[in-house]
Amino acid sequence: MIDFGLADPVVAAHFDRALLVIQDPITELAERLNAIERVPASTELYRLQEGLADGPLRLDQVLFSAAEASVGSLQQIARLVTDELPTSLIVFQALMRTALVRAARVVYVLLPSGPELRSERAAAVVAQDLGSGIRGLKRYVQFEGLAGVRAPEELLDSFRAQHQALGSSKMETKDGTTVDDMTAAIAEALIIAAPDEHTDGNVAILKDEAAWLWNTYSGLAHGHAWPRLMWTLSGDRRVPGDFATDLHHFSTCS
């Protein structure tokens with residue numbers, strides 16, 4: 001039995017509200033994403049895409065893939081709870097981590113008010129996606145045992161060319177810098193999701209919440225032990241913090 005501290009009525013209310021958010025607006029978002037066949041020319045996403053170097057990866061592919069992973073992870077959490085499906089704690093935590101990281105990529109690009117910063121960040125996330133692909137493709141082009149999935153050299157060359165074109169003039173995409181910026185973007189999304197709570201104290205709390213979400217669920221999803229030394233509402237060291245409130249805050253900002 002997984003104890004999320006739901007015996008507390010306040011915690012249970014957070015959990016119920018999170019499920020309602022996932023079942024209604026987030027499910028509606030998933031349906032809208034699935035219905036998009038071509039990004040309209042009148043949108044900011046189209047403008048950002050047009051400003052990037054041509055190549056095998058488009059910005060809409062990168063952001064839609066991230067959004068679909070985030071939405072799908074939150075929907076799966078809701079199904080596990082409402083359908084009372086047998087599972088383990090790490091499944092909830094890994095799904096939260098996936099939802100968080102993928103949503104962060106989207107808000108990191110689209111949330112800034114300045115168009116130049118949005119353009120720089122669009123280049124950064126596409127470059128990161130390409131960099132990950134290059135690391136895989138460098139091995140795939142050498143496959144002999146799995147010849148059926150061996151990647152063509154031309155694909156690797158096209159990834160490298162687009163990556164170089166993006167990286168030569170755009171912002172730094174080192175993991176540490178971008179992770180900090182993405183955590184800040186999640187904090188801003190949490191603040192926007194709570195417009196009636198913009199006191200200095202509450203803003204500080206929401207910034208701390210973003211850092212908590214990012215680092216704690218990263219540690220849990222990677223199987224690290226250190227999150228078990230953190231405060232736990234339920235008393236179960238495998239559930240650091242307050243999962244119900246974390247889920248409510250994150251699903252709302254998503």
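Any value given below was found using the heavy atoms of this structure, including those in side chains, with hydrogens, waters and symmetry copies removed. Residue numbers start at 1 and run along the sequence shown. Note that the coordinates shown come from a computational prediction; the quantities given were computed from them, not determined experimentally.
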J.: May I ask you to decide if Leu155's main-chain N or O and Ser158's side chain share a donor-acceptor pair within less than 3.5 Å?
T.: yes
J.: Any donor-acceptor pair under 3.5 Å linking the side chain of Ser65 with the backbone of Val62?
T.: no
J.: What is the distance from atom CD of Glu154 to atom CG of Asp157, rounded to the nearest 0.5 Å?
T.: 7.0 Å
J.: Considering non-hydrogen atoms only, spot the tightest contact between Arg238 and Asp236 and give its length.
T.: NH2-OD2, 2.7 Å
J.: Would you call Leu247 and Ile22 a side-chain contact if the rule is heavy atoms closer than 4.5 Å?
T.: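 When only atoms from C-beta onward are counted, Ile22 and Leu247 do touch, with a gap below 4.5 Å.
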J.: Compare every heavy atom of Phe250 with every heavy atom of Ala103, then report the nearest pair and how far apart it is.
T.: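 Heavy atoms of Ala103 and Phe250 come nearest at CB-CZ, 3.8 Å.
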J.: Counting only heavy atoms not in Asp54 (residues, nucleotides, ligands), do more than 12 fall under 6.0 Å from its CG?
T.: no
J.: So how far is it from Glu144 CD to Gln142 CD, rounded to the nearest 0.5 Å?
T.: 9.0 Å
J.: Can a donor-acceptor pair be found, under 3.5 Å and without considering hydrogens, that links the side chain of Ser70 to the backbone of Ala99?
T.: yes
J.: Under a 3.5 Å distance rule, please check whether Gln164 uses its side chain to pair with a backbone N or O of Ala161 as donor and acceptor.
T.: no
J.: Could you grab the distance from atom CG of Leu59 to atom OH of Tyr46, nearest 0.5 Å is fine?
T.: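 It is 13.0 Å, given to the nearest 0.5 Å.
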J.: Can you name the closest pair of heavy atoms from Met230 and Pro240 and give their distance?
T.: CB-CB, 4.1 Å
J.: Look up atom CG in Asp181 and atom CD1 in Ile186, then write down how far apart they are to the nearest 0.5 Å.
T.: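 Taking CG in Asp181 and CD1 in Ile186, the distance rounds to 12.5 Å.
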J.: What pair of heavy atoms forms the shortest contact from Ser73 to Leu95, and how long is it?
T.: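 Minimum heavy-atom separation between Ser73 and Leu95: CB-O, 3.4 Å.
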J.: Checking Val21 now: which residues fulfil side chain to side chain contact (heavy atoms under 4.5 Å, CB included) with it, not counting sequence neighbours?
T.: Pro25, Ile26, Ser251, Thr252
J.: Within the side chain of Arg97, is there an N or O that forms a donor-acceptor pair under 3.5 Å with the backbone of Ala221?
T.: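 No; judged by distance alone, with no hydrogens or angles, the pair does not exist.
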J.: Does Glu209 reach the main-chain N or O of Ala187 with its side chain, forming a donor-acceptor pair under 3.5 Å?
T.: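 Answer holds: no.
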J.: Heavy-atom distance under 4.5 Å between the side chains of Asp129 and Arg105, does that happen here?
T.: yes
J.: Under a single-linkage definition using a 4.5 Å side-chain heavy-atom cutoff for Ile, Leu, Val, Met, Phe, Trp and Tyr, are Val101 and Val91 assigned to the same hydrophobic cluster?
T.: yes
J.: Would Val39 and Gln49 count as a side chain to side chain contact (heavy atoms under 4.5 Å, CB included) if you check the C-alpha gap in whole Å, the side-chain angles of each, and the deciding distance to 0.1 Å?
T.: CA-CA 10 Å; Val39 176; Gln49 174 59 45; over 6 Å; no
J.: Among all residues two or more places apart in sequence or in another chain, which pass the side chain to side chain contact (heavy atoms under 4.5 Å, CB included) test with Pro115?
T.: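 Residues passing side chain to side chain contact (heavy atoms under 4.5 Å, CB included) with Pro115: Arg47, Arg118.
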J.: Just jot down the side-chain hydrogen bond (donor to acceptor under 3.5 Å, both in side chains) partners of Trp214, sequence neighbours excluded, or say none.
T.: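 Residues passing side-chain hydrogen bond (donor to acceptor under 3.5 Å, both in side chains) with Trp214: none at all.
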J.: Are Val239 and Val10 connected into the same hydrophobic cluster when the rule is that any two of I, L, V, M, F, W, Y join if their side-chain heavy atoms are below 4.5 Å apart?
T.: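 Not linked; separate clusters.
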J.: Which residues pass the salt bridge (Lys or Arg N to Asp or Glu O under 4.0 Å) test with Glu28, not counting sequence neighbours?
T.: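 With neighbours one apart ignored, the set is empty.
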J.: Could you tell me whether a side-chain N or O of Gln93 sits under 3.5 Å from a main-chain N or O of Leu220, the two making a donor and an acceptor?
T.: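 No; judged by distance alone, with no hydrogens or angles, the pair does not exist.
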J.: Walk me through it: do Thr245 and Phe15 pass the test side chain to side chain contact (heavy atoms under 4.5 Å, CB included)?
T.: CA-CA 7 Å; Thr245 300; Phe15 205 75; over 6 Å; no
J.: So how far is it from Met96 CE to Thr98 OG1, rounded to the nearest 0.5 Å?
T.: 11.0 Å
J.: Counting N and O atoms only, with roles assigned by atom type, does the side chain of Asp83 sit under 3.5 Å from a partner on the main chain of Leu85, one being a donor and the other an acceptor?
T.: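 Side chain of Asp83 to backbone of Leu85: no pair is present.
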J.: Side chain to side chain contact (heavy atoms under 4.5 Å, CB included) between Leu137 and Ile134: does it pass, once the steps are laid out?
T.: CA-CA 5 Å; Leu137 288 169; Ile134 288 169; 5.6 Å; no
J.: Mind running side-chain hydrogen bond (donor to acceptor under 3.5 Å, both in side chains) on Tyr217 and Asp246 for me, showing each step along the way?
T.: CA-CA 10 Å; Tyr217 289 97; Asp246 290 346; 2.9 Å; yes
J.: Taking all atoms of both residues into account, what is the closest heavy-atom pair of Val11 and Phe4, and its distance?
T.: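 That would be CG1-O, 3.7 Å.
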J.: Rounded to the nearest 0.5 Å, what separation is found between the CG atom of Leu6 and the CZ atom of Phe243?
T.: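 Separation between the atoms: 9.5 Å.
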J.: Are the side chains of Thr82 and Gln23 in touch, meaning some heavy atoms are under 4.5 Å apart?
T.: yes
J.: Under the salt bridge (Lys or Arg N to Asp or Glu O under 4.0 Å) rule, collect the residues that match up with Asp16, sequence neighbours excluded.
T.: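 Applying salt bridge (Lys or Arg N to Asp or Glu O under 4.0 Å) to Asp16 gives none.
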J.: Begin with the C-alpha distance, continue with both residues' side-chain angles, and end with the deciding distance and a verdict on side chain to side chain contact (heavy atoms under 4.5 Å, CB included) for Val107 and Glu188.
T.: CA-CA 9 Å; Val107 298; Glu188 188 174 351; over 6 Å; no
J.: Of all the heavy-atom pairs spanning Arg150 and Tyr140, show the shortest one and how long it is.
T.: CG-O, 3.1 Å
J.: Please name all residues satisfying side chain to side chain contact (heavy atoms under 4.5 Å, CB included) with Leu110, sequence neighbours left out, ordered by chain then number.
T.: Leu48, Leu63, Val106
